[in-house]
Novice: 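Before I ask anything, here is the structure I am working with.
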Amino acid sequence: MPLSFYQSEDVLGIAKGLLGKQLWTNIDGVLTAGTIVETEAYRGIDDKASHAYKGLLTDRTSTMYQLGGIAYIYLCYGIHSLFNVVTGPKGTPHAVLIRAIEPVKGLDMMLQRRKMDILKPNITRGPGAMTQAMGISRAFNASNLQDNSIWIAETNFNMVQQEIVACPRIGVAYAGEDALLPWRFYLKGNVYVSRPIKGNG
DNA sequence: CCAGGGATGGACT
DNA sequence: GTCCATCCCTGGT
């Protein structure tokens, strides 16, 4: 995607706009890709669920304050690398968490990385599973999405016939009332979505 | 220095 | 549904 896509201040719009686009990685020359089907927006210093709430600026969160268009990757629960797209102008720590993709390229490598024998939806369902399948580790934190390691591509995916569900984010109970904000977005009915809302596919 | 906790996923009942 | 591995980050001492 062009740099301008990432530099909008409308992180909610970017989170929705990333649905249907393709996330690509080139790890040691091996290509993998998948269609983004689930995202969450984290809106900088105003958002109690954000790592940058109240303007928190540490070694870890400093990545979020850079100019939009880079990766913010951090370790969650000591085990999982979670991948975010940093958005907005420099100094505005907005980010979009990519929670799930639908594989489109490099399935054999994804299976190998996930230690799976056959394709099941949980291969890329959930933010930790997705990064493992794509070979995304913290080594790529702050990498530029215009480079050739991790990037996002426009597609001919037909979003017109897709219904987008907006609902509260996952695992942010610590955020008080902000935990109720409908800042999670996913493609209704897609089997790779990590935790569909009952009655919404 | 150290305690507490986390934007999860997999195994198990 | 429950349990918990695993380790970095943060804030307080």
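Lettering follows sequence order; numbering is per chain, from 1. Excluded from the calculations below are hydrogen atoms, water molecules and symmetry mates; all remaining heavy atoms, backbone and side chain alike, are included.
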Novice: Can A/Asp47 and A/Arg169 be counted as an ion pair, charged N to O under 4.0 angstrom?
Specialist: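 Salt bridge present between A/Asp47 and A/Arg169.
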Novice: Does A/His80 contact B/dA7 through a side-chain donor or acceptor facing the base, at a distance under 3.5 Å?
Specialist: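 Counting by modelled atom types and ignoring angles, no donor-acceptor contact under 3.5 Å is found here.
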Novice: Is it the case that more than 12 heavy atoms not belonging to A/Asp59 sit under 6.0 Å from its CG atom?
Specialist: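 Counting other residues, nucleotides and ligands, CG of A/Asp59 stays at 12 neighbours or fewer.
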Novice: How long is the line joining CD of A/Glu38 and C1' of B/dA7, in whole Å?
Specialist: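 Answer to the nearest Å: 11 Å.
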Novice: State whether the aromatic ring of A/Tyr77 stacks on the base of B/dG9, taking stacking to mean ring centres under 5.5 Å apart and ring planes under 30° to each other.
Specialist: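 Per 5.5 Å and 30° rule: no stacking.
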Novice: Within the structure shown, what part of the strands sits under 4.0 Å from A/Arg60 by heavy-atom distance: base, sugar-phosphate, or nothing?
Specialist: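 Sugar-phosphate contact only - A/Arg60 comes under 4.0 Å of backbone atoms but never of a base.
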Novice: Between A/His94 and A/Tyr42, is the ring centroid distance below 6.0 Å?
Specialist: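 No; A/Tyr42 has its ring centre 6.0 Å or more from that of A/His94.
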Novice: Return the value, rounded to whole Å, for the distance between atom CD1 of A/Ile79 and atom P of C/dC4.
Specialist: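 My rounded result for the distance is 13 Å.
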Novice: For A/Tyr174 and B/dG6, is the shortest distance between a side-chain N/O and OP1 or OP2 below 4.0 Å?
Specialist: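 For B/dG6, OP1/OP2 do not have a side-chain N/O of A/Tyr174 under 4.0 Å.
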Novice: More 5' along DNA chain B: A/Asn122 or A/Val172, using each one's nearest nucleotide?
Specialist: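 By nearest-heavy-atom nucleotide position, the 5'-most residue is A/Val172.
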Novice: Could you tell me how far apart A/Tyr74 (OH) and C/dC7 (P) are, to the nearest whole angstrom?
Specialist: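 Taking atom P of C/dC7 as the reference, OH of A/Tyr74 is at 17 Å.
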Novice: Mind checking if A/Ala129 touches a base, just sugar-phosphate, or nothing, with heavy atoms under 4.0 Å?
Specialist: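 It contacts sugar-phosphate atoms only.
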Novice: Just wondering, do A/Thr39 and A/Tyr186 contact through their side chains at under 4.5 Å, heavy atoms?
Specialist: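 A/Tyr186 does not reach A/Thr39 side chain to side chain.
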Novice: Rounded to whole angstroms, how far apart are NZ on A/Lys115 and P on B/dG10?
Specialist: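 Rounding to the nearest Å, NZ of A/Lys115 and P of B/dG10 are 11 Å apart.
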Novice: Looking only at side chains, do A/Arg113 and A/Gln132 share a donor and an acceptor under 3.5 Å apart?
Specialist: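 The criterion, which ignores hydrogens and geometry beyond distance, is not satisfied for A/Gln132 and A/Arg113.
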Novice: Can you tell me if the side-chain N/O atoms of A/Arg195 get under 4.0 Å from OP1 or OP2 in B/dT8?
Specialist: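 For B/dT8, neither OP1 nor OP2 has a side-chain N or O of A/Arg195 closer than 4.0 Å.
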Novice: Find out whether A/Ser143 and A/Ile70 are in side-chain contact, i.e. whether some heavy atom of one side chain is under 4.5 Å from a heavy atom of the other.
Specialist: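 No, every pair of side-chain atoms sits at 4.5 Å or beyond.
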Novice: Give a yes/no answer on whether the side chain of A/Thr58 brings an N or O atom under 4.0 Å of OP1 or OP2 in C/dT10.
Specialist: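 True: A/Thr58 side-chain N/O within range (under 4.0 Å) of C/dT10 OP1/OP2.
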Novice: As a test of reading the structure: which of B/dT8, C/dC8, C/dT10 is closest to the side chain of A/Leu75, going by heavy atoms?
Specialist: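 Ranking B/dT8, C/dC8, C/dT10 by closest atom to the A/Leu75 side chain puts C/dC8 first.
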Novice: What is the distance, rounded to the nearest whole Å, between atom CG of A/Leu57 and atom P of C/dT10?
Specialist: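 Whole-Å distance recorded here is 10 Å.
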Novice: Nearest-nucleotide wise, let me know which of A/Asp59 and A/Gly78 is further upstream toward the 5' end of DNA chain C.
Specialist: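 Comparing both residues, the 5'-ward one is A/Gly78.
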Novice: Go ahead and name the base partner of B/dA7; Watson-Crick or wobble counts if both distances stay under 3.5 Å, otherwise write none.
Specialist: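 Its partner is none (no Watson-Crick or G-U wobble pair with both distances under 3.5 Å).
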Novice: What is the separation between atom CD1 on A/Ile123 and atom C1' on B/dT8, rounded to the nearest whole Å?
Specialist: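 Atom CD1 in A/Ile123 sits about 17 Å away from atom C1' in B/dT8.
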Novice: To the nearest Å, give me how far apart CG (A/Leu97) and P (B/dG6) are.
Specialist: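 Computing the A/Leu97:CG to B/dG6:P distance gives 16 Å.
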Novice: If only side-chain N and O atoms of A/His51 are considered, is one of them under 4.0 Å from the OP1 or OP2 phosphate oxygen of B/dA7?
Specialist: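 Affirmative; the distance criterion is met.
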Novice: Could you let me know what C/dT6 is paired to, Watson-Crick or G-U wobble, both distances under 3.5 Å, or none if it's on its own?
Specialist: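 With both distances under 3.5 Å required, C/dT6 matches none.
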Novice: Rounded to the nearest Å, what distance is computed from the CZ atom of residue A/Arg184 to the C1' atom of nucleotide B/dT8?
Specialist: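 My rounded result for the distance is 13 Å.
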